[in-house]
Amino acid sequence: MSTTPTTESPFHYLEDGLAQLKRDGLYRRLRELGGAQLPLARFDGRDVINLSSNNYLGLTTHPKLKEAAIDAVKRLGVGSGSVRTIAGTLELHMELERRIAAFKKTEASVVFQSGFAANAGTVASLLGKGDLIISDELNHASIIDGARLSRAEIRVFPHRDVEGLERILDETRDVKRRLVITDGVFSMDGDIAPMREIVALARKHGAIMMVDDAHASGVLGRAGRGSVDHFELHGLVDVQVGTLSKAIGVLGGYVCGSRTLIEFLYHRARPFLFSTSHPPAVAAACLAAFDVLEQEPERIERLWANTRRFKEGLKRLGFDTGLSETPITPVIVGDAELAMRFSDRAFERGVFAQGIGFPTVAKGKARLRTIVTATHTEADLDRALTILGDAGRELGVIR
Ligand SMILES: *Cc1c(COP(=O)(O)O)cnc(C)c1O
């Protein structure tokens, strides 16, 4: 038998997959940010109006956050050195968890390395074989992955469809443990979950209620407390997830709820147990961000004023912005290849609005995803509208 080493790559199927993405217009290069994440930023060497970050309040570069991070590095170094459950729980982590719980008005909170880890780790540890997870069809990938890892059964209800949810709850009365889960604000459409109705149904049926507020925290509710505060549902939502990576401007995720829930997650959430905790600078910068949220409410006001101005402008130009009610405003194009061309054309003219296609959104629903921030000026937004309008007309997206 020949033992000649083969030079044949085992990755032909990956090459084929990439070629298919190119044919479908879904292949993309990563744009490189040179410099800071700002409303006017330099991507791929070009100065553009940045409508693609989740930096809602401009906190990624806030002087108080930077100062807190630098001070933490000087005092405590750059790494935590361990997982939370062994030697990696810093006093700063505990302070941050107390701070978040107070902010969200819950008994306790636990911080994870990312929002993804918070969702996946929590869903997978709360539910198991024989249980049922009932999930909105547009919920975030981290919820879907957590649901799969849990080995519970999964039922999906149509997007924001309260009657569809009720039907599933009625049909599954005999299942002992059920979780109803929804995003508070949907990350690609910018619409808001009908939380009052969903929470009422979950409670009526004795199901656990969980909300992922990644895009609602820092945006909705008093001082950005999220969808539970926005809809005045304090005490009625069992599990609230948030992220520290979006409006908070740093990195991480958290879960808020009862002391019992949090203690259970300390013992069972696998990303908490098996992955190293945040470095001191991250925890310190997050703490400073919660100070800023309370001290500078005008940031949230500016975010919403900018949101209204930009949305009205897009509608006036004739763009389809879907059902968005928040700073996330999709410009729906339909065809993926056209969406990518539109995004590229706008970029060449000075606007960065990422084109998004399948699998992040459904086939035929490709779009540019725009997010304005508190730190864009009106002039920035008006200029972006002019550029998007011109590019949209040239490509036939609008007339
Ligand atoms: C971004 C996002 C997450 C993940 O948060 P990260 O902190 O970036 O890991 C979770 N859920 C939703 C709805 C998101 O949009």
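Residue indices begin at 1 and follow the sequence shown. Whatever order the structure lists them in is the order used to number ligands and atoms, beginning at 1.
Closest protein heavy atom to atom 6 (P) of ligand 1: Gly115 N, 3.4 Å. For atom 7 (O) of ligand 1, the closest heavy atom belonging to the protein is Ser245 OG, 2.5 Å. For atom 2 (C) of ligand 1, the closest non-hydrogen atom of the protein is Lys246 NZ, 2.3 Å. When hydrogens are left out, the protein atom nearest atom 13 (C) of ligand 1 is Asp212 OD2, 3.1 Å; that is the closest non-hydrogen contact.
Residue-ligand proximity, Phe116 to ligand 1, at heavy-atom distances under 4.0 Å covers atoms 4 (C), 5 (O), 6 (P), 9 (O). Applying the 4.0 Å criterion to heavy atoms of Asn119 picks out, from ligand 1, the atoms 10 (C), 11 (N). Every atom of ligand 1 is numbered from 1 in the order shown, and the set under 4.0 Å from a heavy atom of Gly252 is 7 (O). The distance from ligand 1 to the heavy atoms of Ser114 drops below 4.0 Å at these ligand atoms: 7 (O), 9 (O).
Between Pro280 and Leu92, the closest heavy-atom pair is O-CD1, 3.6 Å.
Using 4.0 Å as the threshold, Gly253 has no heavy atom nearer than that to any atom of ligand 1. Ala118 does not count as a contact of ligand 1, since none of its heavy atoms falls under 4.0 Å from the ligand.
By the 6.0 Å and 45° rule, Arg31 stacks over the aromatic ring of Phe347. In this structure, Arg225 forms a cation-pi arrangement with Phe103, its terminal cationic atom sitting closer than 6.0 Å to the ring centre and no more than 45° off the ring axis.
In terms of polar-atom proximity, defined here as any N/O pair under 3.5 Å, Asp183 makes no such contact with ligand 1.
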- request: Give the C-alpha distance, both sets of side-chain angles, the deciding distance and a yes or no for side-chain hydrogen bond (donor to acceptor under 3.5 Å, both in side chains) between Asn50 and Gln37.
  value: CA-CA 8 Å; Asn50 179 6; Gln37 186 68 265; 2.6 Å; yes
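Nearest to atom 10 (C) of ligand 1 by heavy atom, out of His215, Gln113, His140, Met188, is His140.
Legend: residues meeting ring-ring contact (aromatic ring centres under 6.0 Å, His included) with His159, ordered by chain and number and at least two apart, are Phe186.
Between Glu171 and Arg155 a salt bridge is recorded (basic side-chain N to carboxylate O distance below 4.0 Å).
Taking hydrophobic clusters as Ile, Leu, Val, Met, Phe, Trp and Tyr residues chained together by side-chain heavy-atom distances below 4.5 Å, Val250 does not share a cluster with Phe112.
Remark: aromatic rings of Phe272 and Tyr266 are close, center separation under 6.0 Å.
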